[in-house]
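Encoded as structure tokens, the structure appears first; notes follow it.
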Amino acid sequence: MSHLDCKLHPKQLGAPKGVSHAVGCSRAGSSPVDKKMPSKPSQGKKRSIFEAYMSKESVSAGLKRGTLIQGVLRINPKKYHEAFIPSPDGTRDIFIDGVVARNRALNGDVVAVELLPKDRWKVIKTDDSDKGADAVPESDVSEELLETPPPQLGRRCAGDSPDIILEAQLNDSETEDGQEHGPCVPAHGAQEKGNENADAQSAPQGDLLKPQDPRLCPDNLLQRSAKVVYILEKKHSRAATGFIKLLADKNSELFRKYALFSPSDHRVPRVYVPLADCPLDFVTRPNDHARTLFVCRIVAWEEHSHFAVGHLAKSLGQAGEIEPETEGILMEYGVDFSDFSPEVLECLPQCLPWTIPPAEFTKRRDLRKDCVFTIDPSTARDLDDALSCKPLPDGNFEVGVHIADVSYFVREGSALDAVASERATSVYLVQKVIPMLPRLLCEELCSLNPMTDKLTFSVIWTLTPEGKILDEWFGRTIICSCTKLSYDHAQSMIEHPDRKFREDELPPVAAEHPIEQIHQAVWNLHGIAKQLRQQRFVDGALRLDQLKLAFTLDQDTGMPQGCHIYEYKDSNKLVEEFMLLANMAVAHRIYCAFPERALLRRHPPPQSKLLSDLEELCDQLGLTIDFSSAGALHKSLTEMFGDDMYSLAWKEVLTNMCSRPMQMALYFCTGVLRDEAQFRHYALNVPLYTHFTSPIRRFADVLVHRLLAASLGSREPLNLDADALQKQADHCNDQRMASKRVQELSTNLFFAVMVRESGPLESEAMVMGVLNKAFDVLVLRFGVQKRVYCNALPLQDYQFRKVGKKPELTLIWEPENPQQKAVHQVIAIFSLVEVVLEAEDNTLKYSAILKRPEVAAAAKRAPEDGTEDRDG
């Protein structure tokens, strides 16, 4: 396979005849702003499409003066020409309109932008002008919520006027940064080519907005607009999955040299790739490869070209199959899933089976005779943490959290340390784990497997039955776990405190510790955990639980056989409470020891603009929710709802909405962030927090272990200054975010396969947001969010209006026979509806179709026979 950066000369390439000049998406033309943006004078015969980047020195000076603004670029996944960066002051996001204004930056890049003149800012749509407006769409809405209608039902082009998001504007939960809620209208009424009458049929006369001059509008009705002048850091991997096709003009010189790569993610530009990278028979038999998924890496994107240039890195296999799609996801997000190198493996103990060196027993507290055990998912193989609970004569308890001592094996400065710091986290897919460390460590030497001596780092407290801390000890230890309990085992012990468990009901248990002793320890831990949890929420903590999907897989094929909403039980809460307690204790310890070089984790408060928008929405819906603090919000959500099905669904939707303004928690070095008030963790409502309890799968925890060991005098301080530690913290943040997104995409992939293989699937759903041509629902049986499009339903008509300030759609259903009257159905936020999830063709996309109201009502009236599947 050729290397394009050696063979391909980007400046020789223009857009071939017969290929659209649209950037990033073959379905749409360029944005209006693309035509307005100034460009540098062309050199020779080449016309510059993009502005040349500023010099690094000019950018640095501009950022210091405040004439330029730095931020992370977010590109709307379904309206690729719309992008945003967060405003430094936490107010409305800064809008970047069009691919030319984006200036070749990709999603996630750190960019420097320059504000445009005020007459080119956007005017925010006001409440009395919400029909038919040519609105700038949602800033970074979840891809699920932005899906376009099925092609057989009239898919709109990306250039079409979008639905107007009203009131319940939702943002992508995975990017917990600030996102804009209010739709905008172009200041000069500019419309995209071919889109002049996009809303003419649905908008009554007189409802269309008249152009407004931003210079005459108050600032609170304006959204600042900007253009990218420099890419400070290319965070995007420059890799994408997609398909290749021949260029349209067979007579061009380019046709004989290059193919066109079309990425599946339309936020990425289309790319010229050399034919030498393509399959040998691609030119003569292109249709044979139409469904083959490739990975392309971008190597250049010149000022004069609408298209990037790159090379095909790999052919993955057939689109729609789990493994090729999974590999594509991993490569797009820069997840290293390669085998560990021989150099790295040489860092591991070479003499196996490995045993603890005698010298370690002199340096550590020996806890091997204590009743210590693990509680994990039944399928877990990397066991980071263990618990112990010993009753004391005075009625108190000695409780221990024991964490695998990974830092013993991962020596600072080694090749193993380098690869672990680069990977930064294990990545959990539905069907497998991409480990941060070699499996010999993850699953054997470090994993706290039962009946085996293990090196650990422990936090041990003396606690009252109410959870009050009387004493605290940190140190390196040696344990021997007596059993590996699953959450279900521990839950059964909690639910049946007087039951005598038989040996065949539990995993193997060490002979030194009777089952009754373990059962009592679990029960005692549960009692203390309940008190700790109750006190946390009294002290102002917040928890926003969202539905999580779990799959059962066929052992032979790996295909999903079924799925269910994961249930968070008391056994999960037990483990969580003690992990939180340990993390908080270690945070205080390392910060006291190294106030300038502690690695902590902060959670900023919610974005104020988004929070006020949500508060206004709740007021309009008649919901009394206190957003003044994390604890007040938790109390409101806890006390507002009952236990019936409708109330629980309502709570799920509202919880989902409340998660949108929340920012992402971040690792940071205390020496870099000077304001101690910014150290706080908003959701936990504590001044100091860190991650200590999962070093097998998080590199941040390894660093914290080293800091804790240094604070105890058992090793030298970290060989990193504050800036270097912050750089590592930033990398851990990036990799954690990528891991989270990959995990979500893996879940989406398996669910799409299940819909394709087992669908159609029916479920109740609750409306989360109402638009002028569609509405968003939370599918309650599966916890997924989907958009239902009016033009995908057999309707005579649909009407959008506002009741007070609440958006509402009235659907007028086409009668099934001439004798019937048309049925009217009102869709509002929190409406309960029935939907059917159906696969689209042979792709991994699926649609949500609303059931006719009379059909849904008839199904509810049908008597239950006692055999219905109640898992939803």
Side-chain angles (χ1 to χ4, degrees), residues 356 360-361 363-376 383-408 446-485 490 493 509-510 512-513 517-533 571 573-590 690-696 701 704-705 708-709 711-712 714:
I356 298 174
E360 287 302 313
F361 288 90
K363 303 174 186 177
R364 297 172 181 262
R365 186 167 166 180
D366 191 347
L367 303 177
R368 289 177 296 168
K369 293 183 179 179
D370 288 10
C371 180
V372 179
F373 49 87
T374 59
I375 304 175
D376 287 280
L383 311 182
D384 285 287
D385 54 89
L387 293 165
S388 61
C389 184
K390 185 190 301 181
L392 299 176
D394 59 3
N396 296 317
F397 297 92
E398 182 183 275
V399 175
V401 169
H402 314 281
I403 307 300
D405 190 358
V406 174
S407 61
Y408 174 86
C446 293
S447 184
L448 305 184
N449 300 325
M451 275 87 80
T452 310
D453 293 352
K454 296 292 180 180
L455 300 177
T456 46
F457 228 136
S458 299
V459 185
I460 299 175
W461 303 274
T462 301
L463 298 176
T464 68
E466 295 75 33
K468 182 181 178 181
I469 298 174
L470 303 178
D471 191 30
E472 187 173 66
W473 179 87
F474 303 90
R476 282 184 153 150
T477 53
I478 300 174
I479 68 164
C480 183
S481 171
C482 62
T483 189
K484 175 190 173 183
L485 298 177
M493 291 179 172
V509 175
E512 297 84 357
H513 301 286
Q517 183 185 15
I518 298 168
H519 187 177
Q520 188 61 52
V522 170
W523 178 251
N524 290 338
L525 287 171
H526 167 62
I528 299 170
K530 282 201 304 182
Q531 296 292 328
L532 290 171
R533 190 178 187 84
S571 55
K573 296 173 185 177
L574 181 161
V575 174
E576 180 190 28
E577 288 308 314
F578 289 107
M579 297 305 112
L580 290 173
L581 196 65
N583 287 334
M584 289 185 281
V586 171
H588 282 272
R589 174 78 191 199
I590 63 175
T690 194
H691 273 167
F692 161 76
T693 54
S694 295
I696 292 178
D701 300 52
V704 168
H705 276 228
L708 181 59
S711 77
L712 299 171
S714 56

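Quantities reported herein were computed from a predicted structural model and do not represent experimental measurements.
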* To do: Could you pull out the closest heavy-atom pair between His526 and Leu574, with the gap in Å?
  => N-CD1, 3.5 Å

* With rounding to the nearest 0.5 Å, note down the distance linking CG in Leu455 to CD1 in Ile356. => 4.5 Å

* **Audit row: Thr690, Arg589, side-chain hydrogen bond (donor to acceptor under 3.5 Å, both in side chains) steps and yes/no** => CA-CA 10 Å; Thr690 194; Arg589 174 78 191 199; over 6 Å; no

* To do: Over all heavy atoms of both residues, which pair between Cys480 and Thr452 is shortest? Give the atoms and the distance, please.
  => SG-N, 3.5 Å

* To do: Could you give me the CA-CA distance, side-chain angles and deciding distance for Ile403 and His705, then say whether side chain to side chain contact (heavy atoms under 4.5 Å, CB included) is met?
  => CA-CA 10 Å; Ile403 307 300; His705 276 228; 3.7 Å; yes

* Asked: Does any N or O in the side chain of Ser714 come within less than 3.5 Å of the main-chain N or O of Ala709, such that one atom is a donor and the other an acceptor?
  -> yes

* Asked: Looking only at heavy atoms, which two atoms of Met451 and Ala510 are closest? And how far apart?
  -> SD-N, 3.7 Å

* Nearest non-hydrogen partners of Leu448 and Thr456, listed with the distance -> CD2-CG2, 3.7 Å

* Under 4.5 Å between any side-chain heavy atoms of Asp384 and Asp701, yes or no? -> no

* Asked: Below 4.5 Å, heavy atoms only, C-beta onward: do Val401 and Met579 meet side chain to side chain?
  -> yes

* Asked: Can you tell me how far the CH2 atom of Trp473 sits from the CG atom of Leu712, to the nearest 0.5 Å?
  -> 8.0 Å

* Short question: side chain of Thr374, backbone of Ala386 - any donor-acceptor pair under 3.5 Å? -> no

* Asked: For Ser388 and Val372, which heavy atoms make the closest approach, and how far apart are they?
  -> CB-CG2, 3.9 Å

* Got a sec, which residues hit side chain to side chain donor-acceptor pair (under 3.5 Å) with Asn583, two or more places apart in sequence or on another chain? -> Tyr689

* To do: Sorted by first residue and then second, give each salt bridge (Lys or Arg N to Asp or Glu O under 4.0 Å) pair with at least one member in residues 446-457; sequence neighbours left out.
  => Arg368-Asp453

* Asked: Is there side-chain contact between Ser481 and Asn449, with at least one heavy-atom pair below 4.5 Å?
  -> no

Review item, side-chain donor-acceptor pairs of residues 457-465, under 3.5 Å, at least two apart:
{"from": "Ser458", "atom 1": "OG", "to": "His402", "atom 2": "ND1", "distance (Å)": "2.7"}
{"from": "Ser458", "atom 1": "OG", "to": "Thr477", "atom 2": "OG1", "distance (Å)": "2.6"}
{"from": "Trp461", "atom 1": "NE1", "to": "Glu472", "atom 2": "OE2", "distance (Å)": "3.0"}
{"from": "Thr464", "atom 1": "OG1", "to": "Glu466", "atom 2": "N", "distance (Å)": "3.3"}
{"from": "Thr464", "atom 1": "OG1", "to": "Glu466", "atom 2": "OE1", "distance (Å)": "3.4"}
{"from": "Thr464", "atom 1": "OG1", "to": "Gly467", "atom 2": "N", "distance (Å)": "3.4"}
{"from": "Thr464", "atom 1": "OG1", "to": "Lys468", "atom 2": "N", "distance (Å)": "3.0"}

* Asked: Out of curiosity, Lys390 NZ to Gln520 CD, how far, rounded to the nearest 0.5 Å?
  -> 15.5 Å

* Closest non-hydrogen atom pair between Phe578 and Leu532, with its separation -> CE2-CD1, 3.8 Å

* Taking NZ, NE, NH1 and NH2 as the nitrogens, is one of them in Glu360 or Lys363 under 4.0 Å from a carboxylate oxygen of the other? -> yes

